[in-house]
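Scroll down for the structure; my scribbles are underneath it.
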Amino acid sequence: MGDYVLPDGMTAQRPEMVDQKLPITEAKYLQLLVENAERVQLAAGALDSPINQQMIRSLAREADTFMGGVIAYGATALPNITVTAGSAPQALYSAILDMMLSLDDSDIPGGRYVVVSPKVKRYLVEHPSVANAGAYGHGGVTANGVVARLAGFTVLSTTAMPSGADIVAGHSEFATYASQFSGFRVGQSEKFRADYIDTLHLYGGKIVRYPDLDTKKADNTFDESKRTKGIVKTAVEWPAEA
């Protein structure tokens, strides 16, 4: 980038490139025994069959938990939130505004998310800005895991929050995930007088780094031990009765 001044015009610049690799570190499988071969064939031939749907949901929960851990580990930790029985809605809402400010200070672009634990959601929805979100053009507690949209965030909830974090906020460009299903396989069990159906899920995830925000090492890679500025997290100190 530069100033456009005549007669100098423009000078082309090469983008700064830094090597980043996404390792596929996880391999999860499910194998089910089915007594009737015809039922196996039916299950293997339809992705929306009950057996396949249960297998997909189980693998998805594992992947969600893994990726939540990757994101939380790489996030910048903000001070913990201390709440009392009566202050929880306002304290949690203020914490989200503090996260907004932290991301603003790092020039993180719009399209941000906040992910909260179910317990945080339970108290956050009592805050007027969430409970009355419909008055601002967005529904309150809605479908598909979306709690609300406020302060530039899409607020979501998950049961796969990693240990030590109750709220995580950031932008999707600062974490990436890759996965591949090997497909469903049907065969005869070597151990039992039954047939099996199985599938294998390969996946991995990492924090994405940027030259303006992260520390580059001499070997043209980023220092992965540093926390990203594009994702922040905090934990809640709950009162004994909450």
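At a threshold of 4.5 Å between non-hydrogen side-chain atoms, the residues Leu213 and Ile108 count as touching. Considering only heavy atoms from C-beta on, Val116 stays 4.5 Å or farther from Leu92 through its side chain. Proximity of Ser102 to Leu78: side-chain heavy atoms (C-beta onward) are separated by under 4.5 Å at one or more points. Using a 4.5 Å cut-off on side-chain heavy atoms (C-beta onward), Thr159 and Pro118 make contact. Ile207 places none of its side-chain heavy atoms less than 4.5 Å from the side chain of Phe222. Within the 4.5 Å cutoff, side-chain heavy atoms of Leu59 are placed close to those of Phe181.
Ile231 and Ala175 get closest at one heavy-atom pair: CD1-CB, 4.3 Å. Nearest heavy atoms, Pro162 versus Ala72: CG-CB, 3.2 Å. Nearest approach of Val83 to Ala88, heavy atoms of both residues: CB-CA, 4.1 Å. Closest non-hydrogen pair, Ala160 versus Thr65, comes out as CB-OG1, 3.9 Å. Nearest heavy-atom pair across Leu156 and Thr154 is CD1-O, 3.4 Å. Nearest heavy atom pair, residue Tyr93 against residue Ser129, reads OH-OG, 3.5 Å.
Rounding to the nearest 0.5 angstrom, the gap separating the CD1 atom in Ile71 from the NZ atom in Lys233 is 11.5 Å. Rounding to the nearest 0.5 angstrom, the gap separating the CD atom in Gln90 from the OG1 atom in Thr84 is 11.0 Å. Note: Leu124 CG to Leu150 CG = 7.0 Å, rounded to the nearest 0.5 Å. Taking CG of Leu202 as the reference point, atom OG1 of Thr25 lies at 10.5 Å (rounded to 0.5 Å). In this structure, Ile81 CD1 and Thr234 OG1 are separated by 4.0 Å, a value rounded to the nearest 0.5 Å. Here the OH-OG distance, from Tyr210 to Ser106, works out to 13.5 Å after rounding to the nearest 0.5 Å.
Partners of His171 according to the ring-ring contact (aromatic ring centres under 6.0 Å, His included) rule, which considers only residues two or more places apart in sequence or in another chain, do not exist here. Qualifying salt bridge (Lys or Arg N to Asp or Glu O under 4.0 Å) partners for Asp198, counting only residues two or more places apart in sequence or in other chains: Arg185. Residues that satisfy the salt bridge (Lys or Arg N to Asp or Glu O under 4.0 Å) test with Arg122, not counting sequence neighbours, are Glu126. The salt bridge (Lys or Arg N to Asp or Glu O under 4.0 Å) check on Arg112 picks up Asp104, with sequence neighbours excluded. Under the ring-ring contact (aromatic ring centres under 6.0 Å, His included) criterion, Tyr29 pairs with no residue at all, not counting sequence neighbours. Residues forming a salt bridge (Lys or Arg N to Asp or Glu O under 4.0 Å) with Asp64 (at least two apart in sequence, or on another chain): none.
Using cut-offs of 30° and 60° on the angle between ring planes, the pair Tyr177 and His201 is perpendicular. Aromatic ring orientation, Phe66 versus Tyr203: perpendicular (interplanar angle above 60°, classes split at 30° and 60°).
At a threshold of 4.5 Å between side-chain heavy atoms, the hydrophobic network of Ile, Leu, Val, Met, Phe, Trp and Tyr places Leu103 and Leu97 in one connected group. Linking Ile, Leu, Val, Met, Phe, Trp and Tyr residues whenever their side-chain heavy atoms come within less than 4.5 Å leaves Met67 and Tyr73 in two separate clusters. The hydrophobic clustering, which links ILVMFWY residues whose side-chain heavy atoms are closer than 4.5 Å, places Trp238 and Met161 together.
Remark: of the listed residues Glu224, Arg209, Lys226, Arg227, Arg209 is the sole one forming a side-chain contact (heavy atoms from CB on, under 4.5 Å) with Asp214.
For the pair Thr228 (side chain) and Ala75 (backbone), a donor-acceptor distance under 3.5 Å is absent.
Between the side chains of Glu62 and Ser58, no donor N or O sits under 3.5 Å from an acceptor N or O.
Annotation: Lys206, atom NZ; neighbour count of heavy atoms from other residues, nucleotides and ligands within 6.0 Å is above 12.
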